[in-house]
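Notes for the one structure printed next.
Bear in mind that the values here come from a model prediction, so they are computed numbers and not experimental data.
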Amino acid sequence: MKKWILTVFGVQPILGKRVAAIDEKIERIAMYPFGNTLEQCAQIIYLNGYKARLVNLKIMADVISKRIGQARAKDLAAYAAGKSAREIASTNGNNQFTVYRRIMKSVAEATEELEDCGYDERKMDRDYGGMKFIRAVMAGLEGKLRGK
């Protein structure tokens, strides 16, 4: 589940733009007067489902942050964004090993929280594994996913 926890935090900076783009696309489809109504409805339903999954990622990050606290969530987000434990430690004046242990403890608690909400690794793979930008974020996290 480590890969999914880091991915949830790694995608947060781009979710807002993605959701806004989907909203614009839905509006364009809905306002187009010459289209096939059934096809337009099908596209809008698909896009709303996709948007709901993106919003759900934001909610997951919020729920996890509430459980682990804002300071630890900030460290986890920085780690997911590509910073090393040493870089994170240098910004907040802690020992890098302490920061790394705290991040790994946060990942474990986040995993528990998501599993309590019904999201295990299989469900995350099924619901989010097919999204190209999610896979791209995961590829960027590859070095941090040794322990998966």
Side-chain angles (χ1 to χ4, degrees), residues 1-89 91-92 99-100 102-148:
M1 256 323 252
K2 178 181 176 182
K3 70 178 179 180
W4 284 111
I5 302 302
L6 293 177
T7 300
V8 164
F9 279 88
V11 299
Q12 293 306 308
I14 58 177
L15 284 181
K17 282 195 249 179
R18 291 227 173 232
V19 169
I22 290 171
D23 283 338
E24 288 175 16
K25 191 169 185 174
I26 289 171
E27 187 174 341
R28 257 193 331 272
I29 292 168
M31 300 304 278
Y32 185 67
F34 303 110
N36 179 326
T37 305
L38 291 176
E39 288 177 12
Q40 286 173 301
C41 285
Q43 287 178 324
I44 289 171
I45 289 168
Y46 171 78
L47 289 171
N48 272 324
Y50 191 84
K51 177 182 162 184
R53 288 188 287 162
L54 296 182
V55 170
N56 201 28
L57 288 170
K58 172 66 174 138
I59 293 168
M60 285 179 198
D62 290 345
V63 167
I64 292 168
S65 295
K66 187 175 180 182
R67 174 157 178 182
I68 66 175
Q70 290 300 320
R72 288 172 56 194
K74 184 179 174 186
D75 288 348
L76 190 56
Y79 189 72
K83 289 188 176 181
S84 68
R86 177 180 292 183
E87 292 170 319
I88 297 167
T91 61
N92 59 19
V99 169
Y100 183 77
R102 191 169 52 212
I103 289 170
M104 290 304 112
K105 184 177 179 187
S106 297
V107 167
E109 288 180 29
T111 299
E112 264 182 45
E113 187 66 31
L114 284 186
E115 287 176 350
D116 288 348
C117 294
Y119 286 92
D120 60 2
E121 190 150 1
R122 197 170 82 209
K123 182 167 175 57
M124 294 296 287
D125 285 336
R126 185 179 64 239
D127 290 355
Y128 300 99
M131 296 178 169
K132 284 183 181 180
F133 85 99
I134 297 282
R135 288 194 313 261
V137 169
M138 281 184 164
L141 292 169
E142 189 133 336
K144 296 185 184 291
L145 298 177
R146 289 174 293 222
K148 291 196 182 190

Validation row: Leu6, Leu76 side chains within 4.5 angstrom (heavy atoms): yes
Any donor-acceptor N/O pair, Arg135 side chain to Gly130 backbone, under 3.5 Å: yes
Smallest separation among heavy atoms of Ala85 and Val99, with atom names: O-CG1, 3.9 Å
Contact check, side chains of Tyr79 and Phe9, non-hydrogen atoms, under 4.5 Å: no
Short side-chain to backbone donor-acceptor contact, Glu87 and Ser84, under 3.5 Å: yes
Heavy-atom check, side chain of Lys105 versus side chain of Arg72, under 4.5 Å: yes
Nearest atoms (heavy-atom pairs only) where Lys83 meets Ile88: CB-CG1, 3.9 Å
Interatomic spacing from CD1 in Ile5 to OG1 in Thr111 - rounded to 0.5 Å: 4.0 Å
Side chains of Lys51 and Arg18 in contact at under 4.5 Å (non-hydrogen atoms): no
Check: Lys25 and Tyr50 side chains under 4.5 Å, non-hydrogen atoms: no
Modelled atom types, side-chain donor and acceptor of Asn56 and Tyr119, under 3.5 Å: yes
Check: Met1 and Met124 side chains under 4.5 Å, non-hydrogen atoms: yes
N-O pairing of Lys58 and Asp62 below 4.0 Å: yes
Atom CZ of Arg122 with >12 non-hydrogen neighbours under 6.0 angstrom: no
Heavy atoms from other residues, nucleotides or ligands near CD of Glu27 exceed 12 (cutoff 6.0 Å): no
Trace of the side chain to side chain contact (heavy atoms under 4.5 Å, CB included) decision for Lys66 with Glu113: CA-CA 10 Å; Lys66 187 175 180 182; Glu113 187 66 31; over 6 Å; no
Beyond-backbone contact of Met60 with Trp4, side-chain heavy atoms, under 4.5 angstrom: no
Heavy-atom check, side chain of Leu15 versus side chain of Val55, under 4.5 Å: no
Whether over 12 other heavy atoms sit under 6.0 Å from Phe133 CZ: yes
Rounded distance (nearest 0.5 Å) linking atom CG of Leu114 with atom CZ of Arg67: 10.0 Å
Backbone N/O of Gly10 and side chain of Thr7: donor-acceptor pair under 3.5 Å: no
Spacing of CD1 belonging to Ile64 relative to CD1 belonging to Ile59, to within rounding of 0.5 Å: 12.0 Å
Spacing of Lys123 atom NZ and Cys117 atom SG [to the nearest 0.5 Å]: 11.5 Å
Crowding at CZ, Arg86 (>12 non-hydrogen neighbours, <6.0 Å): no
Gap separating the CZ atom of Arg102 from the CG atom of Asn92, nearest 0.5 angstrom: 6.0 Å
With Gln12 via side-chain hydrogen bond (donor to acceptor under 3.5 Å, both in side chains) - residues at least two apart: none
Approximate separation, where rounding is to 0.5 Å, of Ile134 CD1 and Asp125 CG: 11.5 Å
Side-chain donor or acceptor of Gln40 paired with backbone N/O of Tyr32 under 3.5 Å: yes
